[in-house]
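Notes to accompany the following structure.
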Protein chains: 4
Amino acid sequence: MTVATTEPPAAAGRRRAPRGSARRSIVAAATELFARRGYEATSVQDIVAAAEVTKGALYHWFGSKSELLTSIYRELLAEQTQRLREIADGAGPVEERLRAAALDVVEHTAEHADELTVWARSAHLLDDEQAEATRRERRRYHDLFRDLVREGQASGVVRTDLSATVITHAFLSALGNTHTWFHPDGPLTFAEVGHQLVALFLGGLRPPGPEPVAPHPAEPGRRPAGSDAQRCGPSPASKNP
Amino acid sequence: MTVATTEPPAAAGRRRAPRGSARRSIVAAATELFARRGYEATSVQDIVAAAEVTKGALYHWFGSKSELLTSIYRELLAEQTQRLREIADGAGPVEERLRAAALDVVEHTAEHADELTVWARSAHLLDDEQAEATRRERRRYHDLFRDLVREGQASGVVRTDLSATVITHAFLSALGNTHTWFHPDGPLTFAEVGHQLVALFLGGLRPPGPEPVAPHPAEPGRRPAGSDAQRCGPSPASKNP
Amino acid sequence: MTVATTEPPAAAGRRRAPRGSARRSIVAAATELFARRGYEATSVQDIVAAAEVTKGALYHWFGSKSELLTSIYRELLAEQTQRLREIADGAGPVEERLRAAALDVVEHTAEHADELTVWARSAHLLDDEQAEATRRERRRYHDLFRDLVREGQASGVVRTDLSATVITHAFLSALGNTHTWFHPDGPLTFAEVGHQLVALFLGGLRPPGPEPVAPHPAEPGRRPAGSDAQRCGPSPASKNP
Amino acid sequence: MTVATTEPPAAAGRRRAPRGSARRSIVAAATELFARRGYEATSVQDIVAAAEVTKGALYHWFGSKSELLTSIYRELLAEQTQRLREIADGAGPVEERLRAAALDVVEHTAEHADELTVWARSAHLLDDEQAEATRRERRRYHDLFRDLVREGQASGVVRTDLSATVITHAFLSALGNTHTWFHPDGPLTFAEVGHQLVALFLGGLRPPGPEPVAPHPAEPGRRPAGSDAQRCGPSPASKNP
DNA sequence: GATGAATGAGCATTCATTCAT
DNA sequence: AATGAATGAATGCTCATTCAT
């Protein structure tokens, strides 16, 4: 869960700042600057100046600028995974847990819109090793959500003619892309937008009944849940998260 | 519609390549390199080397590296807008036009996945002027799609408790984000994924009947279409497209 | 022969320095600084300051600091190879050409002691590609000298119980290492030292007669010239020149 | 002779590794890393990681990174000097002791090729004080060898027209440079190469008889041994060893 | 004896852009 | 219409060494 944190031993030196405080200053400054100016537009110099530490200190804690970005994102992801796990493991009917999960994604996205935007824009700059590390964790999160969808399919509340993987990606993508169009000054609050997305998503999950929107002959027929997309993630060689 | 193209008329130089050919070489090389290595990782030097022209020539045709990126995207966008316009203006019931439009987006996204990925990743690097220019065109495209959704709402085939704007963004986002997770070696082809997304989307549009997924009390109630999000784009100061 | 030189078109601009002059300034400054302070202790900043050009100009002409070092050495090597080739191809008995060649190495070493010292100390820092390039040229030089030794062996003036390759390396090494011990303020001039080395070397080449220094039983016996060390150079993977 | 070693006496810590073991780990790790990657390419961090000690421990035992290098070399040199002294002081005719000494250098060079290569490449990076310290010891070694040559000259088995100093440097240089060209996969073993070098060297020492290689008029005439190069080392200001 | 976080000056290198020709 | 040498400010990063604990 923790991502290379350092425990500050409470006691501060005389002239020195307390132990581990440098790391926290760096993360705080970087988070703020990345969100405000973007990852590429923020130089390491900017970060250390804002954090009031030296470059050496930054490179003592982080191997590179991109590791810093990765570190911030992984902490976010760990938190979000934890929340989702609690919801998924909770009691109650699957449709309620599904709705709760969707609403939780909305809430988390709203809370950390800035950091998530930075990640979406700059994750492709990471080297293979870092990309792989986050991909694995992201995958775990995705699987958690997908399993909930599958549970819904198994209990008949979610249509089974669509891949649970595709459903999951679609919802998370729609949510994760709001930064490209949502604006706080618009007529809807983020919470409202989120609820609408949830409604749209849950509506799309209902097993198709007598359809108001005419079916298309080219529509691929039902697929048993077993034929689900197991490998719909990027290949290991890919840099996509 | 045309984006600063130069028509190479019959008149060719004697030993030189035909007029305007330099521009085309540059665009071709840049498109290929941006797609393969990313915008930031492609230097102007790389482009001119691949296009077999000099730096001077590139700066003769394009004011900057970013103008080149913008130029490529605008051409794509113009083509897609044209296609959507023809579908939207076509005959037939609205639900069929809506379906056709959705399928067309899938097809276009598949065809130009590389360029669209580059754009998604690097659009935020552009300066305000260029961002504004593409934003206007992108807005026009978005409105075209949204109007189709509204038409559906007006004729009763699309639920009216959701903002047409949100619906439109959700679908285009889900499609536009496939590059972050779709992999050709997976069990589904891109066309299949596209069809599933369309089905999910169209399913979500059906007016809510007796719901398999329980409604949530916090769900915002019906909103008349007239209260739609007019300013759901980013603020002018933002660099978001 | 030429190593990426640029022809200066004689004509100078008004405010600009003449074309290609930047490259020459850089080489001159680098040669001087490398010799005086060593390669590692000379920063690129030092070089451009001394050459009165910008860093950009340096990197326009040279891909890296090490390419600059390589470039200087290759020019030296090309010149020396040319001189040796003329001597080797000259008329006269082989023993005289051998002596002339040895003396020429002494002379060239004396002339370019500083540059050669820099090279000897820093060649191992080069990357594989550059090391390989110079190794090939160095090898050509070595072979030229060795062939002269072999010619001497064939005509009976040089002992054949020693590998021509080992003989060549031994002489060139003794010469090339003078920088570690020779000091101009010593009792011998460099020319005198050189002559003594030549005498020692040529003396060692005489076919062994009745020996003043007792032979050792472990001494490996005669080896036909044909068994000569064909692969006594470093492996391709090695960074040794 | 001893170079700041610490004897680990019986008294070991309870849970800790025995006293002084840190020092030995450091020397072992540094020797291995310097040989494999070179002195400059090995960071202090690399050394402490390999030795499984902390930076503080390293700086407790060694004043600096270069002191570590010096330390390794001095130990080598002390051992070699000791061996040479025993040979030189041994019984038997001078020509046999000379031959034995030469063979011993070959053997020692072969045994410690890696460390000697590191030293040859990086000695010039040391500061004056350290350079001076090793120079003095190296000088003692050199003098020991040279005195053997002089003894040979005095007893008539070594030619007297060459400086004993030059002779000594030439032989040690040829040997000490083998790392730049010898490759174990070549047709000769290192021992064979060494024997050939000894043969070449001893051959060159024979008083010139009727010469197969014609003498050159420019050859400097005989020099009495008394005029020998006393100050053939580099000047005090120089960083050369 | 040993720790390890912090230092800080210095490094080689990049690259979109300009402009005299 | 095109050249290409030159710009110059900025970039991410290194690393031997120190010192409060």
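Only heavy atoms go into these numbers, but all of them, side chains included; no hydrogens, no water, no symmetry mates.
Between A:L58 atom CG and E:dA9 atom P the separation is 17 Å, expressed in whole Å. One interatomic measurement links the two molecules: CH2 of C:W61 to C1' of F:dA5, which rounds to 7 Å at whole-angstrom precision. A:L125 places its CG atom 12 Å from the P atom of F:dG12, with the value rounded to the nearest Å. As a whole-Å value, the separation of C:R24 CZ from F:dA6 P is 11 Å. A:E52 places its CD atom 16 Å from the C1' atom of E:dT7, with the value rounded to the nearest Å. Going from atom NE2 of C:H60 over to atom P of E:dC19 covers 17 Å, rounded to whole Å. Nucleotide E:dT17 holds its P atom 13 Å from the CZ atom of B:F62, rounded to whole Å. F:dA2 atom C1' lies 16 Å from atom CZ of B:R23, rounded to whole Å.
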Query - Base versus backbone protein contacts along nucleotides 11-16 of chain E [heavy-atom cut-off under 4.0 Å; B, S, -] - result: SSBBBS
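In terms of heavy atoms, A:I72 sits closest to A:A30 at CD1-CB, 4.1 Å. Taking all atoms of both residues into account, the shortest heavy-atom contact from A:F62 to A:S71 is CE2-OG, 3.8 Å. For the residue pair A:W61 and A:A22, the shortest heavy atom distance occurs at NE1-CB, 4.2 Å.
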Please report, to 0.1 Å, the donor-acceptor pairs under 3.5 Å made by any side chain of residues 32-41 of chain C, with sequence neighbours excluded.
{"residue": "C:E32", "atom": "OE1", "partner": "C:R36", "partner atom": "NH2", "Å": "3.0"}
{"residue": "C:E32", "atom": "OE2", "partner": "C:R36", "partner atom": "NE", "Å": "2.9"}
{"residue": "C:E32", "atom": "OE2", "partner": "C:R36", "partner atom": "NH2", "Å": "3.4"}
{"residue": "C:R37", "atom": "NH2", "partner": "C:D46", "partner atom": "OD2", "Å": "2.7"}
{"residue": "C:Y39", "atom": "OH", "partner": "C:S66", "partner atom": "N", "Å": "3.2"}
{"residue": "C:E40", "atom": "OE1", "partner": "D:H124", "partner atom": "NE2", "Å": "3.4"}

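Residue pairs meeting the salt bridge (Lys or Arg N to Asp or Glu O under 4.0 Å) criterion with at least one partner in residues 52-73 of chain D, sequence neighbours excluded, do not occur; the list is empty.
Helical stems of DNA chain E (runs of at least 3 Watson-Crick or G-U pairs, donor-acceptor distances under 3.5 Å) are listed by first residue: E:2-21 with F:2-21.
Residues satisfying the side-chain contact (heavy atoms from CB on, under 4.5 Å) test with A:A133, not counting sequence neighbours, are A:R74, A:R136. The side-chain contact (heavy atoms from CB on, under 4.5 Å) search around A:A51 returns A:S25, A:I26, A:A29, A:V53, not counting sequence neighbours.
Between the side chain of C:D127 and the main chain of C:Q130, a donor-acceptor pair closer than 3.5 Å is present. At least one donor-acceptor pair closer than 3.5 Å links the side chain of D:T134 to the backbone N or O of D:A131.
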